[in-house]
Amino acid sequence: MNFFEEVYKLCKEIPRGKVSTYKILAEKLNTKAYRLVGYALRSNSYVPKVPCHRVVDSRGRLHGFGGSTSQRFLDRKAKLLRKEGVKVKDHKVIDFDKVLYKF
DNA sequence: CGGTTGACCAAGT
DNA sequence: GACTTGGCCAACC
């Protein structure tokens, strides 16, 4: 079981309309390498099999959604996120506390 | 095998 | 409030 797969598994556990953070996922993996979570997601973001759009940083911001990765692709996910009940404004999660899924 | 990297985080400047 | 610094740790080269 790779570190990546662990991350993916946790991502799938996030229910619809909820989001989680890199930090929480990292802690669930029993590690402090928050970066690795994002690192893992980056490698797999092109696959709908992992709802990586439900994972944001600790302040409710969607990272890389505005510069690093393909904006269009991720922007589509941001919209999907809104559709699921998570309000997203300019790649930032509104009501972050309410939609935060703490496993 | 060693150095760099990264979709992070928190605290400091 | 934007930017820098130090720290974390697996994957990558």
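Chain A is the first sequence line, chain B the second, and so forth, proteins listed ahead of strands; every chain is numbered from 1. The analysis underlying the following values was restricted to heavy atoms, covering all of them including side chains, and did not include hydrogens, waters or symmetry mates.
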Self-check item: Any A:Y22 side-chain heavy atom under 4.5 Å of A:L36 side chain
Solution: no
Self-check item: Exam field: side chain A:Y34 to backbone A:L25, donor-acceptor pair closer than 3.5 Å
Solution: no
Quiz prompt | Contacting residues from residues 2-20 of chain A, given that a heavy atom lies under 4.0 angstrom of DNA chain B | solution = none
Self-check item: Side-chain touch A:V99/A:V93, heavy atoms, less than 4.5 angstrom
Solution: yes
Contacts under 3.5 Å, N or O only, protein and nucleotides 10-13 of chain B:
from	atom 1	to	atom 2	distance (Å)
B:dA10	OP1	A:K23	NZ	2.6
B:dA10	OP2	A:S58	OG	3.4

Practice problem: Indicate, with yes or no, if A:F96 and A:L80 share a hydrophobic cluster defined by side-chain heavy-atom contacts under 4.5 Å among Ile, Leu, Val, Met, Phe, Trp and Tyr. | Solution: no
Quiz item: Do you know the tightest heavy-atom contact between A:I14 and A:S20?
Solution: CD1-CB, 3.6 Å
Quiz prompt | Sequence neighbours excluded, every pair satisfying side chain to side chain donor-acceptor pair (under 3.5 Å) that has a member inside residues 92-103 of chain A | solution = A:K87-A:D95, A:D90-A:K92
Exercise. Quick one: which residue pairs count as a salt bridge (charged side-chain N to carboxylate O under 4.0 Å, His left out) with a foot in residues 52-62 of chain A, not counting sequence neighbours?
Key: A:R54-A:E84
Exercise. Check whether any side-chain heavy atom of A:Y39 sits under 4.5 Å from a side-chain heavy atom of A:F3, and report yes or no.
Key: no
Self-check item: Members of residues 92-103 of chain A that approach DNA chain C, where some heavy atom sits under 4.0 Å away
Solution: none
Practice problem: Answer yes or no: is there a donor N or O on one side and an acceptor on the other, between the side chain of A:T31 and the main chain of A:E27, under 3.5 Å? | Solution: no
Quiz item: Could you give the NE2-to-C1' distance, from A:H91 to B:dA7, as a whole number of Å?
Solution: 13 Å
Quiz item: How do A:V56 and A:L36 order along DNA chain B: which one's closest nucleotide is nearer the 5' end?
Solution: A:L36
Exercise. Taking all heavy atoms of A:C11 and all of A:P51, pick out the closest pair and write down the distance.
Key: O-CG, 3.4 Å
Quiz item: Below 4.5 Å, heavy atoms only, C-beta onward: do A:K9 and A:E6 meet side chain to side chain?
Solution: yes
Practice problem: Measure across A:V86 and A:G17 and return the closest heavy-atom pair with its distance rounded to 0.1 Å. | Solution: CG2-O, 3.4 Å
Quiz item: Which atom pair, heavy atoms only, marks the closest approach of A:F4 to A:S43?
Solution: CE2-OG, 3.4 Å
Exercise. Would you grab the first and last nucleotide of DNA chain C (5' to 3') that comes under 4.0 Å of any non-hydrogen atom in chain A?
Key: C:dG7 to C:dC12
Quiz item: Taking for each residue the nucleotide of DNA chain C bearing the nearest heavy atom, is the 5' side occupied by A:T31 or by A:Y39?
Solution: A:T31
